[in-house]
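Quick note on labels: first sequence line is chain A, next is B, and so on, each numbered from 1. No experiment lies behind these values; they were computed from the predicted model shown.
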Amino acid sequence: MLDRKYIVDHAEEVKENCARRGAAVDVDRLVEIEELRRAKLQDVQELNRRANEVAKSIGSCKDPTARAERVEEGRRLRDAKDTAQSEHDRLDDEALAIQTLIPNRTHPDAPIGTDDGANREVGRGAAPVPDFAFKPLDHVQLAERHALIDFEAGARIAGHGFYFLKNEAVLLELALQQFAVGLLIQKGFTPVITPDLAYTEILNGVGFIPRGPETQIYSIENSNLNLVATSEITLGGMYSGATLDEDQLPIRFCGLSHCFRTEAGAAGRASRGLYRVHQFTKVEMFAFTTPDQSDAVHEELCAIERELFDRLGIPFRVVDTATGDLGGPAYRKYDLEAWMPGRGERGEWGEVTSTSNCTDYQARRLNIRFRKKAEKGTHFVHTLNGTAVAVSRAMIAILENHQQVDGTILVPDVLRPFVGKDRIG
RNA sequence: GGAGAGGUGGCAGAGCGGUCUAUUGCACUGGUCUUGAAAACCAGAGUCGGGGUAACCCGACCCAGGGUUCGAAUCCCUGCCUCUCCGCCA
């Protein structure tokens, strides 16, 4: 969420930004409502002040007649205040509804464009795109061949989009987590396993919108709990309402959780196999920083993602995400797209990680602040997130890129200690 | 899950419908005193929002949200959390 005062004071700039990011928002209406709201707020405060004054005078008022008059006066003022207050609250709700739809500001270097077609490639991984001397199988075929994944059984017990991992796929899942968490600990991240459920209010703060028709979120009936779509939600929520000290920052967490997504509206779109599933495991990086630190930490998160996939021997490219494809909270976003030889006709790039600098957009809604030494007041922290390993997609990339002509699959060196073998099959 | 107790400022801990602005202690900041320090004494100190060029003024905040009342930290309801006991359980 952007600061309301900022929106009002920079309405033109905000409108341009909305246009670049493809967000249809009535900023003018917000400006208009906000003006009315502020005027109403002053009425409320004035009425409140007078009501307080009257109420206070009653305590020391001994004469019964005068007292009764005062009580009546107080009642009248409080009623007037309540009326003004509810008018104010209605305006505030309307303003908030619009405010919530306004996306974050955008990094000046982010490529401008309406969708992912405008994304700018900014780098490649160390591994070259493999040039197989045979027709490579996709991960569904490979998984079947080696009895790694049971999609049919998954569908039987929970529907399309669920699956059972079996045999070496289980070892790979665990190995990827071990590998990623281990590396992140070395980099100074504090590992945490987070809840897989979170309150609606936390989801909203992080920028997710549960319970709409288009929602990606599974909600628990008769409660305000939701299955998390990423531990970004729980990690961001960890410090909601907190005021941190400047010298604690930056704080780096690496969170491990299951992720649940309804994938509403995504049916039929490149959803074969593990690519688009309703549940997967993810190792997530999350950082709380000062405003000065966030750009550098963003580069750092991206560098870690690159290192992880380089060490897995997976070819990838890095793209700087175009304005129209950033989503609401991100100020800038880099995606890692791994080469997936089994996708499409001759292989395609498929997103495996994503890292965003959300600046103060999430922190404002979550109310996460920090205090500078020897300075009054507080500032909002910046929040950043990045995928270390989304296990399902990483597994696709591993199976498809490391397959051999004889149908076996080489286990990446860095995972061998955890998998306990060099080769599947 | 059942029964009880409780959530107050950085911490400890009063306050149980209106005396002036939420006692008090510790910690904190500034000052006085001192060669310096300690002690003592004096003073100050939170957050968010609104108004004002400004010193400053005002509103809100005693876990959260509702309610009763002219007036709520205090009374009522709901939720969340903590503690104690019981039950159940990997």
Could you check which nucleotide pairs with [N] in any of the strands shown, counting Watson-Crick or G-U wobble with both distances under 3.5 Å?
{"N": "A43(B)", "result": "U29(B)"}
{"N": "U35(B)", "result": "none"}
{"N": "A90(B)", "result": "none"}
{"N": "U84(B)", "result": "A3(B)"}
{"N": "G59(B)", "result": "C48(B)"}

How many Å lie between [atom1] on [X] and [atom2] on [N], as a whole number?
{"X": "Arg50(A)", "N": "G50(B)", "atom1": "CZ", "atom2": "C1'", "value": "17 Å"}
{"X": "Arg78(A)", "N": "G59(B)", "atom1": "CZ", "atom2": "C1'", "value": "11 Å"}
{"X": "Gln45(A)", "N": "C48(B)", "atom1": "CD", "atom2": "P", "value": "16 Å"}
{"X": "Asp43(A)", "N": "G51(B)", "atom1": "CG", "atom2": "P", "value": "12 Å"}
{"X": "Arg371(A)", "N": "G9(B)", "atom1": "CZ", "atom2": "P", "value": "14 Å"}
{"X": "Glu73(A)", "N": "C70(B)", "atom1": "CD", "atom2": "C1'", "value": "10 Å"}

Worked check of ring-ring contact (aromatic ring centres under 6.0 Å, His included) between Phe179(A) and Phe418(A): CA-CA 8 Å; Phe179(A) 165 59; Phe418(A) 307 114; 7.6 Å; no
From the options [options], select the nucleotide whose nearest atom is closest to the side chain of [X].
{"X": "Leu41(A)", "options": "G51(B), C70(B), G49(B)", "result": "G49(B)"}
{"X": "Tyr199(A)", "options": "C81(B), A60(B), C70(B)", "result": "C81(B)"}
{"X": "Arg49(A)", "options": "C70(B), G59(B), G50(B)", "result": "G59(B)"}
{"X": "Asn48(A)", "options": "C70(B), G51(B), G59(B)", "result": "G59(B)"}
{"X": "Arg75(A)", "options": "G51(B), C70(B), C48(B)", "result": "C70(B)"}

Upstream residue (5' side of RNA chain B) when Ala55(A) and Thr378(A) are each assigned their closest nucleotide: Ala55(A)
Which residue lies more 5' along RNA chain B, comparing Glu72(A) with Arg369(A) via nearest heavy atoms: Arg369(A)
Distance-only polar pair, side chains of Thr230(A) and Lys282(A), donor-acceptor under 3.5 Å: yes
Check: Arg67(A) side chain, G18(B) base, donor-acceptor under 3.5 Å: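 Under the 3.5 Å cut-off, the side chain and the base do form a donor-acceptor pair.
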Parallel, tilted or perpendicular, as decided by the 30° and 60° cut-offs, for the rings of Phe151(A) and Tyr163(A): tilted
His278(A) and Phe162(A) aromatic ring geometry - parallel, tilted or perpendicular at 30°/60° bounds: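 Judged by the thresholds at 30° and 60°, the geometry between Phe162(A) and His278(A) is tilted.
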Nearest-Å distance once atom C1' is located in both G49(B) and U35(B):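 Approximately 50 Å lies between the C1' atom of G49(B) and that of U35(B).
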Separation between the P atoms of G25(B) and G44(B), rounded to whole Å: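 The answer is 14 Å between these two P atoms.
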Donor-acceptor under 3.5 Å (Arg21(A) side chain, Gly327(A) main chain):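 Yes.
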